[in-house]
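Notes follow the structure.
Bear in mind that the values here come from a model prediction, so they are computed numbers and not experimental data.
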Amino acid sequence: MRGVSVTPGYWKRPDLNAAAFDDQGFYRPGDAVRFVDPNDVTKGIEFDGRLAEDFKLTTGTWVHVGAVRVSALAAASPALQDAIVAGENREFVAMLAWLNVAGCQSLVGAPTPLTNAELARHPLVREHVRRTIARWNVEHGASSTRIARVLLLPDSPSIDANEITDKGYINQRLALEHRREAVDALFSQQPDSNIIVIE
């Protein structure tokens, strides 16, 4: 982007300017965007993830994290609140997912509220996620979009571990680092019973 409302650059930091601006003076914030209506560009653009979150599988195929995350969350509604898409330098895409507690409570119909950990283990919640992500995979069968495994997290994103940005978004990179053991479990040769393997 470029314009009167966009910063002209960092004060006395040519190194930061070189990374943030292209050779024509356009600011590159690192956000991916898409047209609201591809047939009418005058309707503007909307946020479509962070370019820094995208990664390659071992096959060399790029995974567009923002698109996979948003669409998979919508597909699994109302069970999931947010997610981390994993698979960099791995053979397939997998997901660590936080629960939408109210949505999960409605799915299980429990007379008293259940904890996040109880909901993450609940057979109705697990089956809903397995079924809806399997349906998503039918329509998104490419290796860059197909989700092979899901781990339902028994907690909420950690502010203390900087898993949430100042703007309220999930910090994909730090969340993956903070939850390294869970990521390794997703990609283990023999996934344990906590992992939902999508058919």
Provide the closest heavy-atom pair for [X] versus [Y] in the form atom of the first, atom of the second, distance.
X: Ser143; Y: Leu57; result: O-CD1, 3.3 Å
X: His64; Y: Ala67; result: CD2-CB, 3.1 Å
X: Ala83; Y: Arg69; result: O-CD, 3.3 Å
X: Ser144; Y: Val68; result: O-CG2, 3.6 Å
X: Pro154; Y: Ala120; result: CA-CB, 4.3 Å
X: Ala175; Y: Ile84; result: CB-CD1, 3.4 Å

Practice task
Check the surroundings of atom CD in Glu91: do more than 12 heavy atoms from other residues, nucleotides or ligands lie under 6.0 Å from it?
Solution key: no

Quick one: pull up [atom1] in [X] and [atom2] in [Y] and give me the separation to the nearest 0.5 Å.
X: Leu80; Y: Met95; atom1: CG; atom2: CE; result: 5.5 Å
X: Leu96; Y: Leu152; atom1: CG; atom2: CG; result: 9.5 Å
X: Glu139; Y: Ser71; atom1: CD; atom2: OG; result: 10.5 Å
X: Thr58; Y: Arg90; atom1: OG1; atom2: CZ; result: 10.0 Å
X: Ile198; Y: Arg130; atom1: CD1; atom2: CZ; result: 7.0 Å
X: Arg2; Y: Thr7; atom1: CZ; atom2: OG1; result: 14.0 Å

Indicate if [X] and [Y] have the same hydrophobic cluster label, given that clusters are the connected sets of ILVMFWY residues with side-chain heavy-atom separations under 4.5 angstrom.
X: Val183; Y: Phe92; answer: yes
X: Ile147; Y: Leu99; answer: yes
X: Ile196; Y: Val108; answer: yes
X: Leu153; Y: Leu114; answer: no
X: Val93; Y: Leu151; answer: no

Handout entry: Working for side chain to side chain contact (heavy atoms under 4.5 Å, CB included), residues Asp15 and Tyr10
Key = CA-CA 9 Å; Asp15 56 326; Tyr10 294 93; over 6 Å; no

Donor-acceptor pair, [X] side chain versus [Y] backbone, under 3.5 Å?
X: Asn137; Y: Arg146; value: no
X: Asn100; Y: Ser77; value: no
X: Gln81; Y: Val101; value: no
X: His140; Y: Trp136; value: yes
X: Arg149; Y: Leu186; value: yes
X: His128; Y: Ala76; value: yes
X: His122; Y: Leu124; value: yes
X: Thr132; Y: Val129; value: yes
X: Glu163; Y: Ile170; value: no

Pairwise side-chain contact, [X] with [Y], heavy-atom cut-off 4.5 Å (strictly under):
X: Leu119; Y: Gln105; value: yes
X: Asn89; Y: Phe55; value: no
X: Val63; Y: Glu88; value: no
X: Arg173; Y: Leu176; value: no

Practice task
Determine whether the side chains of Asp160 and Ser158 contain a donor N or O and an acceptor N or O closer than 3.5 Å.
Solution key: no

